[in-house]
There are 2 protein chains.
Amino acid sequence: MAQALGLSKAAMSGLARDLIQLGILREADTIYGQGRPSIRLDLHPDCAFFVGVSLLQDPAPMILGNLNGEIIARAEIPLSRDPAVIADAISEALPTLLSAHPVAAEKLAGIGVALSGFVDETRKNCVQSTLLNWQDVPLADLVRDKTGIETFLENDAKAVAVDEKLFGSAREIQNFSVVSLGDGIGCAHFIDGRLYRGNHGGAGEIAHCTIEPGGAPCRCGKRGCLDTVASMKAIKEMSRAEGFECVSLAEIENQASSGNTAAIRILHRAGSALGLAIANLIQMNDPGLILITHVEGSFDGLFGTVVNQAIETNVLPRYAGQTPIRIRRVDGDIWARGAASIAAHHFILGPNP
Amino acid sequence: MAQALGLSKAAMSGLARDLIQLGILREADTIYGQGRPSIRLDLHPDCAFFVGVSLLQDPAPMILGNLNGEIIARAEIPLSRDPAVIADAISEALPTLLSAHPVAAEKLAGIGVALSGFVDETRKNCVQSTLLNWQDVPLADLVRDKTGIETFLENDAKAVAVDEKLFGSAREIQNFSVVSLGDGIGCAHFIDGRLYRGNHGGAGEIAHCTIEPGGAPCRCGKRGCLDTVASMKAIKEMSRAEGFECVSLAEIENQASSGNTAAIRILHRAGSALGLAIANLIQMNDPGLILITHVEGSFDGLFGTVVNQAIETNVLPRYAGQTPIRIRRVDGDIWARGAASIAAHHFILGPNP
DNA sequence: ACACTAAGTTTAGAAAGTGAACAAATCAAC
DNA sequence: GTTGATTTGTTCACTTTCTAAACTTAGTGT
C-alpha cells in the first residue's frame, strides 16, 4: 500500500524495520484479503509528545498531546501581555503537565503557541497582534530559553487548520479552508496538502474583507469588515445596542425564534455577511472543503440557515453544492490543540513541510 | 550556485555534462569574480518547441514558441464551436507554422490550447465553457489524434499565469495572482511556486464573486458578479446604455476626462468593484504580487486610479502598499503565448509539477 | 490437502551521490 | 611579471541507497 509512494518493496521493508526498532512506527492491525495478509503500520503514539498553549483566552489553556492528537493532560496559566511573564508561566506549568505520562518528559518534542495575530515565516516571532498589543515579539525563543524545548508560534486559525489536517476531519483532503468562529473570525487555507501562510503570513485574513462597503468602522481602521458584522463579538454588541443583552449566540437565536425582529435582523445581517465571504472564498480558491468550527452552540438555527443560503446564492450556480461545508462544534481547547499540532507538524515534516 | 539545491558539486558536474551532451543545457556566459570564473548554464532554446492556440478570439491566434518563451512564428485559424473542426484547423496550420524554424518540426514537444472555461485536472478535457457552449469536450485528445503531438488545455487566466511564471515578470515569485482583463475578467493563483487549479479547476473565478449584492443579473445566473460591472464588455455595454457608444476603454476615458458624468460614473463603479475584488483577494490569499494584464490601452486614467484607490481603502491598513501591484499592457497574443507555456510547463516539470 | 495469491524478506548487484584531492582560471599584492 | 590566494569545476575511490528477482510466509478458494 504505502510502497506505491515511490519506493520498492525492498526499500520499504528495510526502512520500516529501522523505524520500528527506533520505536517510531509500530505494527497495528493486519488486513486480510487474498494472499498473505498485509500489516498496517502506524505511528507509535508514545514516540513524541507536544505541548500547546492558547493565548486567546484568559486563563490560557495548556495541553499535552501525543502523536495521535490525543489530549493527555490539561492545565491553565494566567494570560499576560508581557511575553516574559508568559514564558515563565509556561515553564513553571510544564513539569506538572508532563507528570501525567511516564515518558512524556523525556520525549517532549516541541511546544506550540497559538495567538491572534501575525506570525513570521520562521514561526518564531509574532510580527503583530492587536489583541495582545504586540509588535515583533520573539516569544518562541523566550519560551525555548526558559524551557529548553523548541517552540513555535502560529496564528489561531492556522493552528486549527493544521490540527484538522493532521488529526481531524480533513486528514485526506489536500485543499480545504477552515473558518473558525470565536469572538473573532479566523480563516486558514490548506493548498496542495500544505498550510498556505501567504507572503506576509496573512493568508486567510477573511475577517477584514470588506463586506459592507462604507459600513461601520472596524478596529483595524477601515470600514465594513466582515468582523464588524459577523463575529460573535459584533453580534453580541449589536444585540446590546438594540437593547437586549445576550452573552451567547444561543440566546439571540432564542430571541429571534420568539419573534424579536431586531434579533432576526442581526442574525440575518451577520449570516448573509459570513455566507457572502465564504462564497467569495469558494469562488476565489475553489477548496475541496470548507470546515466551519464554532465554539458557540447551535449552528442549526437562523444564523446557520442564513449562512448556508447566502453561500448558495453567491456561488456560481454551476458550483452550488459542489463544495462541501462541514460544521464542527468545538470546545475552548481547540486553539491549544491546534498549537500542539503546530509543534507536531514541525516534528513530523521538518522545517519545510 | 545551483548546487545548493541539494546536490554535491560532483553530482552537479556529471549531470550538467550529460544534459549538455543531450543538447538540453548549454554554457552561457561566464561570471567573473574572485577565483576561477563560474560558467552559467541555461536551457538550449532549440531543444524543444511548443505551439499555443487561443480560443478566445476569432480568428484564433496560433503561435510557435521556444524554451525561452520567444515567439518564432505566428498564424491564425478560424474559430469554431465544433471541436473536430478546431482540431482539423490546428492540424492543417501546423506544417506552415513549423516551417519557420529548421528543427522545430522534429522537436515539437507539445501543443497548448487556452480557452475560457473550466478544464479538468488532467488538462485534457474541457468540463464546461459558456463562451464555446461546451460541456465535457475532450479536445486535447482530438488534437493529439490529428497531429500526433501531446496536447494540453488550460483556462485562459491560468495559462497567462504560467506564462508569467516561466517567462514573464513573475519568474522569481512563489506566490502571486494574475488578474487578466479582457472582454471578461480572469484570475489565477500561483501558490508555493505551483499553479493552484482548485479542487474543481475553478480557483481564481474572481469574475463571479458577488461585488454588488442584489445587483444586476449575470449570464452565470446569479446577481452582482464582478463581471457585470468591471469587465470591458460590461463597461462598453453600460456606455451604450447611457447613450454613448464606445469600443475601447480609452474612448470612455476620453469621455470622462472631457466631463461626461455618465462615463465618470461608469468608470468609478467599475474601478471600485475591481479594486474591492482585488483587495478581497489580497486579504484572502496575501499574495506576493498582483499582476494585472490588460489588452486595452491606458490603465493610467480614471479607471486605473480608482482601482488603486479601492485596493488601498479595502485592504487591512497594516498591509496597504505591502502587496505590489504590477500593471502590464499585453497584446492579443497573450493567451496563445500562455497556451504554449502550458505545453512548455508540462515538458519541463512533468505531469505533477 | 492442494494450488493460488499476494505480502514481506533476503540477496546480489546497479545506480547515484559524497568527500577529498586535484586541476584550472582568474584576481590581488608585491 | 611572478607568486599566492581564491574559487570553480573535474576526477576518482568509496559509501549509501535503491532495485530486481528469487524466495519465504501466511492466508484464501476449491
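The figures here come from the full heavy-atom set of this structure, side chains too, leaving out hydrogens, waters and symmetry mates. Within every chain, numbering begins at 1; the chains are lettered A, B, ... in the order of the sequence lines, protein sequences first and strands thereafter.
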message: Distance check needed: D/dT17 P versus A/M12 CE, whole Å only.
response: 16 Å
B/L67 vs B/I348 side-chain heavy atoms within contact, under 4.5 Å: yes
query: Could you give the CZ-to-C1' distance, from B/R40 to D/dT8, as a whole number of Å?
result: 15 Å
- prompt: DNA chain D: B/A16 or A/L15, which has the more 5' nearest nucleotide?
  reply: B/A16
message: I want to check one thing: is the phosphate of D/dA5, taken as OP1 and OP2, less than 4.0 Å away from some side-chain N or O of B/R36?
response: no
Whole-Å distance separating the CG atom of B/D18 from the P atom of D/dG9: 16 Å
- request: Let me know, please, whether B/I39 or B/G35 comes out on the 5' side of the other along DNA chain D by nearest nucleotide.
  value: B/G35
- prompt: Would a line drawn from the ring center of A/F50 to the ring center of A/F347 be shorter than 6.0 Å?
  reply: yes
message: Check whether A/F152 forms a cation-pi arrangement with A/K124 (NZ or CZ under 6.0 Å from the six-membered ring centre, at most 45° off the ring normal).
response: yes
task: Specify the residue among A/A10 and B/Q34 whose closest nucleotide of DNA chain C lies further upstream toward the 5′ end.
output: A/A10
- prompt: What is the distance, rounded to the nearest whole Å, between atom CZ of B/R17 and atom P of D/dT8?
  reply: 19 Å
query: Taking CG from A/D29 and C1' from C/dA7, how many angstroms apart are they, rounded to a whole number?
result: 15 Å
query: Are B/R74 and B/D333 ion-paired here, with the side-chain N under 4.0 Å from a carboxylate O?
result: yes
- request: Considering just the side-chain nitrogens and oxygens of A/S13, establish if one lies under 4.0 Å of OP1 or OP2 belonging to C/dT9.
  value: yes
- line: Rounded to whole Å, CD1 of A/I31 lies from P of D/dA26 at a distance of 17 Å
task: Would you mind classifying the nucleic acid contact of B/G33 as base, sugar-phosphate or nothing, using non-hydrogen atoms under 4.0 angstrom?
output: sugar-phosphate
query: Within this structure, what is the NZ-to-C1' distance between A/K9 and C/dA12, rounded to whole angstrom?
result: 17 Å
- request: Could you tell me whether the phosphate oxygens of D/dT19, OP1 or OP2, come under 4.0 Å of any side-chain nitrogen or oxygen in A/S8?
  value: yes
- prompt: Is the A/F49 to A/H101 ring centre distance short of 6.0 Å?
  reply: yes
